[in-house]
Every structure is written in C-alpha cells, then in structure tokens.
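Here's the structure, in structure tokens; my notes come after.
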Amino acid sequence: MKRLGALLARVFLAFDWPLLFILVLFACLGLTVMHSAVGSTDWRFAEQSRNFLIAFGAMWLVALVPPRTLMKMALPFYVVGVALLLGVEFFGETSKGATRWLDLGITRIQPSEMMKIAVPLMLAWYFQRHEGDVRIRDFLAAAVMLAAPFGLIVLQPDLGTALLVFGAGFCVIYFAGLSFKLLVPLVVVGVLSIGTLIYYEDTLCQPEIDWVVLHDYQKQRVCTLLNPSSDPLGKGFHTIQSMIAVGSGGLYGKGYMQGTQTHLDFIPERTTDFIFAVYAEEFGLYGGVAMLVLYGLLIARGLAISVRASSQFGRLLAGALTMMVFIYVFVNVGMVTGILPVVGVPLPFMSYGGTALFTMGIACGILMSISRHRSPQS
C-alpha cells in the first residue's frame with residue numbers, strides 16, 4: 001500500500017493543477033470545434049481524440065523529468081536536431097514543393113518540429129552556464145546557435161515553423177539580458193520595409209519583380225495580404241473566405257453546427273490552419289474573446305511558472321516556451337483575420353494534427369517540471 005501511495009503521489013504531484021485545468025478546457029473546446037468542422041463520424045475526430053491522449057501522456061512523462069536532467073539533454077538534443085535538419089537538406093522527401101520530412105526506414109519524422117523545443121532548451125542551458133557573466137560574445141554565440149536551425153528550416157522551405165523556432169529562441173536571448181536598445185535599429189528597418197511595401201505595392205507585387213529573400217509563393221502570400229481581391233479565386237481565396245466566416249459570426253455567432261461557411265465547404269483547411277474561422281462563425285465575437293482570454297490565462301500561468309523558477313535555466317526556458325504559445329496564437333489568429341500573411345501556423349490545442357499537438361504537450365510538460373521543482377520559498 002505504501003508503494004501504491006508513493007506512486008499515486010508521484011503521479012499527482014507531477015502536475016501543475018492550474019495549468020492542467022486550462023489544458024483540459026482546451027481539449028474539450030478543441031474536440032467540440034473539431035466535431036463541428038468534420039462531424040463525429042469523420043476519422044479526423046477520432047484521430048484528434050487519440051492525439052490529445054498521446055499529447056497528455058507525453059506531457060505527464062516529461063513533467064516527471066527534473067530540470068537538471070533536462071539541462072543534461074539540451075546539448076545532445078540540439079546537436080541531433082541540427083544533424084537531422086542537415087539530413088533533410090540532403091536526403092529529405094519532397095512533397096508539394098517542400099522538403100521537410102526525413103525517412104528513417106521505420107518511420108518518417110519532421111525534424112523542424114523538434115527544434116521548437118531543442119532551440120530554447122539549448123539556449124537556456126548555454127546562458128545558465130554563463131549566469132552572472134553574460135557578455136556580448138555570449139549573445140553573438142547564441143545568435144549563431146539560433147541562426148543555424150532557422151536557416152536550415154527556411155531552406156526547406158517552411159517559413160511558419162522557422163518563425164516559431166526563431167521566436168522561441170529569440171525570447172531566451174532577450175530574457176537573458178539583451179538590451180532593447182540593440183533592437184531599435186531592427187524595429188526601424190522593419191517599419192520602413194513594411195511602409196515601403198504598402199506604398200509601392202502595385203510595383204513590387206508585379207510577377208516579373210523578384211524578391212531575393214523570399215520564394216515566389218511567399219511573395220504571393222504577402223501581396224495577397226495587401227490586396228486579397230487581386231486573385232479572389234486563387235491566392236486570395238483562403239483569406240477572403242476566412243474573413244467572411246469571422247465577420248458573418250457577428251457578436252453571438254450562428255450557433256454550434258450552424259456555420260454556413262463551414263458546412264458548405266467555403267473555408268479551406270478548416271480543421272487545421274483556419275479552424276479559428278470555424279469557431280468565430282459559430283460562437284461570434286464574444287466566443288472569440290472568451291477563447292483569447294483562455295489563451296491569456298495559459299500564457300499568464302506559464303509566465304508565473306517562469307518567474308518562480310528556481311534557476312536561470314528554468315526561468316529562461318519557461319518564459320520562451322510560454323511566449324512560443326503566444327506567437328502561435330498571434331500568428332494564427334492574425335492570418336485568419338487578414339492582418340498577417342498565411343504561413344501555415346496551427347492554433348494550439350485547436351487545430352488538427354498530431355505532431356504540433358505532441359510538441360505542445362512536451363512544452364507544457366516542461367513547464368510542469370519547472371513548476372514542480374521551483375524554489376520552496378516561492
């Protein structure tokens with residue numbers, strides 16, 4: 001009985017209960033919206049239910065791993081991830097114009113997904129080793145560690161995943177003490193670039209104009225964002241239909257299972273990238289705000305865990321993983337509502353897909369591990 005009691009105590013103590021409660025609400029909400037998007041008899045509904053079980057199982061297992069052990073895993077995990085990305089570059093499988101998968105014989109993997117965890121893990125470990133003596137050269141070394149996987153993922157090309165990896169890694173570097181003053185020139189260049197693009201849209205979006213830093217399909221996505229009606233039945237179709245669905249929901253929504261844009265198949269990719277359009281059409285503005293509040297609670301809990309972490313490693317890692325969730329939500333909702341280009345970023349715990357859900361499960365497991373091993377006086 002004592003052994004059983006100890007085992008049960010270990011199981012329950014592994015969880016951060018406020019975080020778990022929020023995640024269970026998301027699981028219920030996600031499956032509810034998925035039921036409307038595809039119907040209970042569709043194979044994707046059953047598969048997503050299984051994906052949630054796997055993600056929660058992975059979360060629990062990772063929550064049992066102490067942060068000290070995670071630190072030991074950081075370097076090998078990162079090195080293996082970069083090696084696999086190089087393998088994709090030379091031996092990867094190409095599908096729909098992108099080379100993102102690596103066939104290992106017994107299974108296919110997408111190494112870019114693991115880098116969402118590996119990069120912040122590696123950078124948090126690096127700054128932990130230099131705690132109290134961080135210099136400019138350390139930030140430059142961290143930038144190189146971030147640039148290597150980011151560049152390899154961009155080459156696949158997979159801009160959406162590359163942005164998430166960059167965002168998570170950059171948050172570690174910023175939280176480690178990077179001065180905001182050093183970012184001002186980058187912000188100014190970004191604002192001027194956007195202003196120039198908007199002002200000279202008609203010229204820069206001409207087919208014969210080549211954007212050296214972006215692929216043609218990425219250029220088309222940016223130009224479509226600026227003027228979706230330029231190709232309403234082609235490149236602009238996704239953006240236009242999702243905006244119609246969101247707008248037609250009004251304040252209160254059309255009601256569960258009553259979304260016309262959804263059930264008449266006007267919303268493309270309605271189970272993955274554009275599932276927020278399904279939700280907004282059926283639950284309206286108030287429902288959308290409620291979902292964003294729930295995401296806000298998730299992010300607030302993650303930041304609270306970061307603040308109370310017992311080490312520099314825990315603070316940086318928890319903060320970066322939490323901000324990765326914010327980036328997910330901001331980019332997905334932004335592209336669905338037409339304020340950001342379509343880059344293929346799923347909505348956390350809502351979009352269909354086992355790989356992304358598994359990654360989020362691991363991220364939340366790490367947060368629970370850091371919470372469980374926080375300093376006693378916190």
Side-chain angles (χ1 to χ4, degrees), residues 6-7 10-11 13-16 19 54-87 104 109-135 137-150 152 164-165 168-177 302 305-324 355 358-376 378:
L7 178 61
R10 190 179 182 192
V11 169
L13 287 175
F15 291 120
D16 179 272
L19 180 58
I54 294 174
F56 273 82
M59 177 185 67
W60 173 68
L61 290 175
V62 174
L64 295 174
V65 180
R68 187 174 296 274
T69 304
L70 292 174
M71 287 180 60
K72 294 178 181 178
M73 297 168 57
L75 181 58
F77 192 35
Y78 175 84
V79 171
V80 169
V82 172
L84 290 174
L85 286 177
L86 288 171
L104 299 181
I109 62 171
Q110 188 176 359
S112 58
E113 278 294 325
M114 67 182 290
M115 299 311 293
K116 295 176 184 177
I117 305 295
V119 168
L121 191 64
M122 175 66 185
L123 292 177
W125 169 81
Y126 179 79
F127 283 112
Q128 172 67 39
R129 292 192 62 191
H130 295 81
E131 183 180 11
D133 188 31
V134 180
R135 303 177 182 179
R137 67 185 183 190
D138 296 317
F139 289 116
L140 293 176
V144 172
M145 295 178 205
L146 174 57
F150 173 76
L152 289 171
L164 290 171
V165 170
F170 177 79
C171 286
V172 175
I173 296 174
Y174 181 72
F175 292 153
I305 292 172
S306 174
V307 169
R308 295 190 293 172
S310 59
S311 66
Q312 169 92 329
F313 172 80
R315 285 191 292 273
L316 295 178
L317 184 56
L321 294 178
T322 301
M323 293 309 296
M324 183 176 71
T355 304
F358 183 75
T359 302
M360 293 307 302
I362 292 177
C364 290
I366 293 175
L367 289 176
M368 290 188 177
S369 171
I370 294 170
S371 174
R372 182 187 178 201
H373 295 87
R374 65 178 181 266
S375 118
S378 298

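Values below: every heavy atom of this structure, side chains too, minus hydrogens, waters and symmetry copies. Position 1 is the first residue of the sequence, and the numbers go up from there.
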* **Spacing of CE belonging to Met114 relative to OG1 belonging to Thr359, to within rounding of 0.5 Å** => 10.0 Å

* To do: Starting from the C-alpha separation in whole Å, work towards a yes-or-no answer on side chain to side chain contact (heavy atoms under 4.5 Å, CB included) for Val172 and Leu317.
  => CA-CA 7 Å; Val172 175; Leu317 184 56; 5.9 Å; no

* To do: Working to the nearest 0.5 Å, report the span between CE of Met360 and NZ of Lys116.
  => 8.5 Å

* Structure fact -> Correct closest heavy-atom pair for Arg315 and Ser310 would be NH1-C, 4.4 Å

* Asked: Does Phe150 have any ring-ring contact (aromatic ring centres under 6.0 Å, His included) partners at least two apart in sequence or in another chain, and if so, which?
  -> Phe166

* What do you reckon, is CZ of Phe56 surrounded by more than 12 foreign heavy atoms closer than 6.0 Å? -> yes

* Structure fact -> Note: Ser371 and Asp16 closest approach over all heavy atoms is OG-OD2, 2.7 Å

* Go through the structure and list residues passing ring-ring contact (aromatic ring centres under 6.0 Å, His included) with Phe175, not counting sequence neighbours. => none

* Just by distance, do the side chain of Tyr126 and the backbone of Ala141 share a donor-acceptor pair under 3.5 Å? -> no

* Below 4.5 Å, heavy atoms only, C-beta onward: do Gln128 and Ser311 meet side chain to side chain? -> yes

* Asked: At their closest point, which heavy atom of Cys364 faces which heavy atom of Leu19, and how far apart are they?
  -> O-CD2, 4.0 Å

* For the side chain of Ser369 and the backbone of Gly365, is there at least one donor-acceptor N/O pair under 3.5 Å apart? -> no

* Structure fact -> Of all heavy-atom pairs linking Gly169 and Leu123, the shortest is O-CD1, 3.4 Å

* **Closest approach of Leu146 to Val165 (non-hydrogen atoms, all atoms of both residues)** => CD1-O, 3.8 Å

* Asked: Do you know the tightest heavy-atom contact between Pro120 and Ala320?
  -> CB-CB, 4.0 Å

* **Partners meeting ring-ring contact (aromatic ring centres under 6.0 Å, His included) with Tyr174 (sequence neighbours left out)** => none

* Asked: Is the shortest heavy-atom distance from the side chain of Phe139 to the side chain of Ile173 under 4.5 Å?
  -> yes

* **Spacing of Trp125 atom CH2 and Met73 atom CE [to the nearest 0.5 Å]** => 14.0 Å

* **Euclidean distance, Leu164 CG relative to Glu113 CD, rounded to 0.5 Å** => 8.5 Å

* Reported CG-to-CG distance for the pair Leu316 and Leu121, which is rounded to 0.5 angstrom -> 11.5 Å

* To do: Determine, step by step, whether Leu64 and Arg372 satisfy the side chain to side chain contact (heavy atoms under 4.5 Å, CB included) criterion, reporting the C-alpha distance in whole Å, the side-chain angles of both residues, the deciding distance to 0.1 Å, and the verdict.
  => CA-CA 9 Å; Leu64 295 174; Arg372 182 187 178 201; 3.9 Å; yes

* Asked: In Å and rounded to the nearest 0.5 Å, what is the OG to CD1 distance from Ser306 to Ile370?
  -> 7.5 Å

